[in-house]
Amino acid sequence: MPALPQNRLKRALAAGQKQIGFWLTLASPNATEIAATAGFDWLLIDMEHSPNDFADIIHHLRAAEGGTAEPVVRIPWNEPVVVKRLLDIGVRSLMFPYVQTVEEARRAVAATRYPPAGIRGVAGTTRATAYGRVKDYAKIAGGEICVVVQAETQKAIDAAADIARVDGVDCVFIGPNDLSASMDRMGNTGAPEVQSAIAQGLANIKAGGKAAGILEFKEEPAKKYLAAGFQMIAVGGDGGMLARGTEAMARGYKL
């Protein structure tokens, strides 16, 4: 009978290890397959700002098999029915956008746990259970599910320590783009007040005893975030790399 694989990302975050990730927005399992074997620790498969649907996610999961990277699916919203369906198809690491309060963080965790710890519905022959072949799946699944919640407003930054203390939250991930927009600094994540909020968020998350995450696609500031204490950081993405790479290539031939 198959065993439930260990979630290396969940364990690494708990152990204080840095985890380098790559953001996937093109809804291409081929891109997922390429990135999964590139040496990253995790991949973000986006459902919030990408056209991925449930059937697409299965293809991404299969494409990532055999790679070094744990697939993390960002759901469209903190919605338990979406979470239930993703867990049943084999997702075990989820990112919840726009979590601003302790209660919202608790709801996120509850959606990933079976009763009495949560509200996840029980189904026996799902892909997650290897179609009923994983012994005692319902009893052990929670230990391998990684919950990442996003702090994307000043309100969330202020509450980050308490959000981090919620049992079952593995990482609080700051979203600098939405944070800057909420501070009336749209597109200017380097603005001093935005950077101050990010630093405050990092301190609050660490005070809450959990890993802090962020995305930064430029190498120098990304390394500064790592040095400051962020553990889970996305350092690039498929859409951006293809766009900037093709632009540079085209310019090189238009002399």
Judged by modelled atom types alone, do N177 and T189 share a side-chain donor-acceptor pair under 3.5 Å? no
Under 3.5 Å: donor-acceptor pair, side chain of S196, backbone of P192: no
How does the hydrophobic cluster around L4 look, that is, which other residues are in it when side-chain heavy atoms under 4.5 Å mark a link? Y114, V122, V134, Y137, I140
Around atom CE of M183, are there more than 12 heavy atoms of other residues, nucleotides or ligands at under 6.0 Å? yes
So, applying side-chain contact (heavy atoms from CB on, under 4.5 Å) with M232, which one of D170, L9, I20 is it? L9
Can any side-chain N or O of D41 pair as donor or acceptor with the backbone N or O of G21 at less than 3.5 Å? no
Exceeds 12 heavy-atom contacts within 6.0 angstrom, atom CZ of R133: no
K10/E70 under salt bridge (charged side-chain N to carboxylate O under 4.0 Å, His left out): CA gap, chis, key distance, verdict: CA-CA 9 Å; K10 183 180 180 75; E70 168 72 17; over 6 Å; no
Any residue meeting side-chain contact (heavy atoms from CB on, under 4.5 Å) with Q231, in chain and number order, not counting sequence neighbours: L13, A211
If I take atom CZ from residue R185 and atom CD from residue Q195, how far apart are they, to the nearest 0.5 angstrom? 13.0 Å
Scan for side chain to side chain donor-acceptor pair (under 3.5 Å) pairs involving residues 204-213, sequence neighbours excluded, and state none if there are none. none
Taking all atoms of both residues into account, what is the closest heavy-atom pair of V81 and E79, and its distance? N-OE2, 2.8 Å
In plain terms, say whether E65 and R62 are close enough for a salt bridge, that is, a side-chain N and a carboxylate O under 4.0 Å apart. no
Short side-chain to backbone donor-acceptor contact, R127 and I58, under 3.5 Å: no
